[in-house]
Amino acid sequence: MNDPQRSKTILVTGGNAGIGLATAKALAGRGHRVIIACRNADKAKEAIQLIQDAVPNASVSFRRLDLASLDGTRRFAEAFLEDFPSLDVLINNAGIYPKTQQFSQDGYEAQIGINYLAPFLLTHLLLPALDRCGDGRIVHLSSLMHNLGKIDYDSWRGRENYSGTRAYAQAKLANAMSNHELARRLPGHITTNALHPGGVESDIYRDMPPWRYKLLRLFLITAERAGDYIADMAVASQWQNRTGEFTSAHGPMPVSRRSKRTADNEQLYLESCRLVSVAPVPLN
């Protein structure tokens, strides 16, 4: 069950473009069964074709998932568990970075709703499938930007003076904090780790002003480099039994002290469980 070399079943959210597509391609190239979860079926089909062109006989399929809806996320998980009662790896890759304030279908500021709360819910709903594997792994994409983040619960339903950067940093800090708290709670055969994928040329920057993106591109790495790193976290033997880490595909990086404060992490975790209506994982 826990042989890291066997073919595994892996779910990649947002696997239709950018880092997610590169990750899905890398994992398919290593012989694993990959399920791409995203909103747009046409883009998913294009991504699958790209993977199959590069990897003959790749095992890759598509499931529609809209992280803007908590109910939609629940329906996705219910249907997924019917078809895949056992899941080896969940990669929470999907994310947005809008320049203007937007809202999820549940009324949350879109970045905290889509980049944090919905993946938080999905992770908990799929824990039974991960629990059935001898080496279940969860990988959360966070960001170096989490160092600028601050958890402000009053902003979760929106704020007057909106900053896309501030909202993004808060969501990515929440990813890092919940990763640490989950690591405290999960049984040893399920690991959870977060990473900064590096400055990667990705669709997440599509709403950035062109001049700023042109400057940013000077410091970006390829999606393929990040995808290979994430694939290692997902299936490589050197990541077996490692949990609660925050790492980077771009080399050593600072990790926010805020993400390591156990009391704050627990508060965020329990509040998030309440908001998405899931039972907290009991402390070991």
Side-chain angles (χ1 to χ4, degrees), residues 11-20 37-40 43 63-78 80 90-127 138-143 145-146 148-179 181-182 192 194 197 202-208 258-259 264-265 267-280:
L11 176 63
V12 183
T13 70
N16 59 302
I19 299 169
C38 64
R39 289 183 302 172
N40 191 307
K43 290 185 177 180
R63 290 294 180 105
R64 188 179 185 280
L65 169 62
D66 185 359
L67 293 171
S69 167
L70 294 177
D71 282 343
T73 301
R74 292 187 186 95
R75 290 193 296 271
F76 169 89
E78 182 179 359
F80 186 88
L90 167 63
I91 301 177
N92 287 314
N93 164 79
I96 61 169
Y97 191 167
K99 61 183 179 181
T100 59
Q101 184 162 236
Q102 300 176 21
F103 293 89
S104 72
Q105 295 179 28
D106 305 279
Y108 292 103
E109 184 276 317
Q111 296 206 58
I112 202 69
I114 296 171
N115 293 353
Y116 172 62
L117 282 175
F120 181 94
L121 171 61
L122 180 64
T123 297
H124 283 73
L125 294 177
L126 296 183
L127 283 178
I138 306 164
V139 180
H140 312 272
L141 267 73
S142 182
S143 169
M145 291 287 291
H146 85 282
L148 303 179
K150 180 181 179 182
I151 301 300
D152 177 7
Y153 296 102
D154 291 337
S155 73
W156 286 23
R157 292 289 185 176
R159 64 193 342 156
E160 287 188 12
N161 299 316
Y162 178 79
S163 162
T165 298
R166 182 168 56 187
Y168 184 77
Q170 174 178 224
K172 293 305 178 180
L173 175 60
N175 293 143
M177 292 171 66
S178 65
N179 174 62
E181 185 62 19
L182 261 181
T192 176
S202 166
D203 281 354
I204 198 168
Y205 303 117
R206 58 184 172 268
D207 291 328
M208 181 176 285
R258 288 174 174 166
S259 70
D264 291 346
N265 293 349
Q267 179 186 8
L268 173 68
Y269 177 80
L270 295 175
E271 177 64 8
S272 302
C273 286
R274 184 186 71 82
L275 291 175
V276 303
S277 300
V278 294

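Taking the six-membered ring where the residue is Trp, H124 and Y269 present tilted rings, their angle falling between 30° and 60°. Between Y116 and F120, the ring planes are tilted. Angles from 30° to 60° get that label.
Interatomic distance, F80 CZ to L90 CG, rounded to the nearest 0.5 Å: 8.5 Å. One distance of note links CD1 of I96 with CG of L67; it measures 9.5 Å at 0.5 Å rounding. Rounded to the nearest 0.5 Å, atoms CZ (R258) and CG (L173) are 7.0 Å apart. For the atom pair CD (Q267) and CE (M177), the distance works out to 8.0 Å, reported to the nearest 0.5 Å. Here the straight-line distance linking atom OG1 of T73 with atom CG of L65 works out to 5.5 Å at 0.5 Å rounding. A distance of 11.5 Å separates CG in L268 from OG in S259, rounded to the nearest 0.5 Å.
Judged purely by atom type and a 3.5 angstrom limit, K172 uses its side chain to pair as donor or acceptor with the backbone of L141. The closest donor-acceptor contact from the side chain of R39 to the backbone of R64 lies at 3.5 Å or more, if one exists at all. Counting only distance, with no hydrogens or angles, the side chain of N93 and the backbone of T13 share a donor-acceptor pair below 3.5 Å. S104 contributes no side-chain N or O that, together with a main-chain N or O of S69, makes up a donor-acceptor pair within less than 3.5 Å. Judged by distance alone, with hydrogens and angles left aside, the side-chain atoms of D106 form a donor-acceptor pair with the main-chain N or O of L70 at under 3.5 Å.
Taking the side chain as every heavy atom from C-beta outward, L125 and R74 approach each other to under 4.5 Å. Proximity of Q101 to R159: side-chain heavy atoms (C-beta onward) are separated by under 4.5 Å at one or more points. Between N175 and H146, every side-chain heavy-atom pair lies at or beyond the 4.5 Å cut-off. M145 is listed as a side-chain neighbour of Y168, based on a closest heavy-atom distance under 4.5 Å. Here the side chains of I112 and Y153 are not in contact, with every heavy-atom distance at 4.5 Å or above.
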Side chain to side chain contact (heavy atoms under 4.5 Å, CB included) between F76 and L122, worked out | CA-CA 9 Å; F76 169 89; L122 180 64; 3.8 Å; yes
Could you give me the CA-CA distance, side-chain angles and deciding distance for N115 and Y97, then say whether side chain to side chain contact (heavy atoms under 4.5 Å, CB included) is met?
-> CA-CA 9 Å; N115 293 353; Y97 191 167; 6.0 Å; no
Check the pair I138, L126 against side chain to side chain contact (heavy atoms under 4.5 Å, CB included), reporting the backbone distance first and the verdict last.
-> CA-CA 10 Å; I138 306 164; L126 296 183; over 6 Å; no
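In summary, R75 and E78 do not engage in a salt bridge, as defined by a charged side-chain N under 4.0 Å from a carboxylate O. Comment: D152 does not engage R166 in a salt bridge, judged by the lack of any side-chain N to carboxylate O separation of less than 4.0 angstrom.
Contact detail for G113 and P119: the closest heavy-atom pair is O-CD, 4.4 Å. Heavy-atom minimum distance, G164 versus Q111: O-NE2, 3.0 Å. In this structure, Y162 and T100 approach most closely via the heavy-atom pair CE2-C, 3.5 Å.
In this structure, R157 forms a cation-pi arrangement with Y108, its terminal cationic atom sitting closer than 6.0 Å to the ring centre and no more than 45° off the ring axis.
Of the N and O atoms on the side chains of T192 and N179, at least one donor lies less than 3.5 Å from an acceptor on the other residue. Remark: the T123 side chain and the N92 side chain contain an N/O donor-acceptor pair separated by less than 3.5 Å. Judged purely by distance below 3.5 Å, without hydrogens or angles, the side chains of S155 and Q170 pair a donor atom with an acceptor atom.
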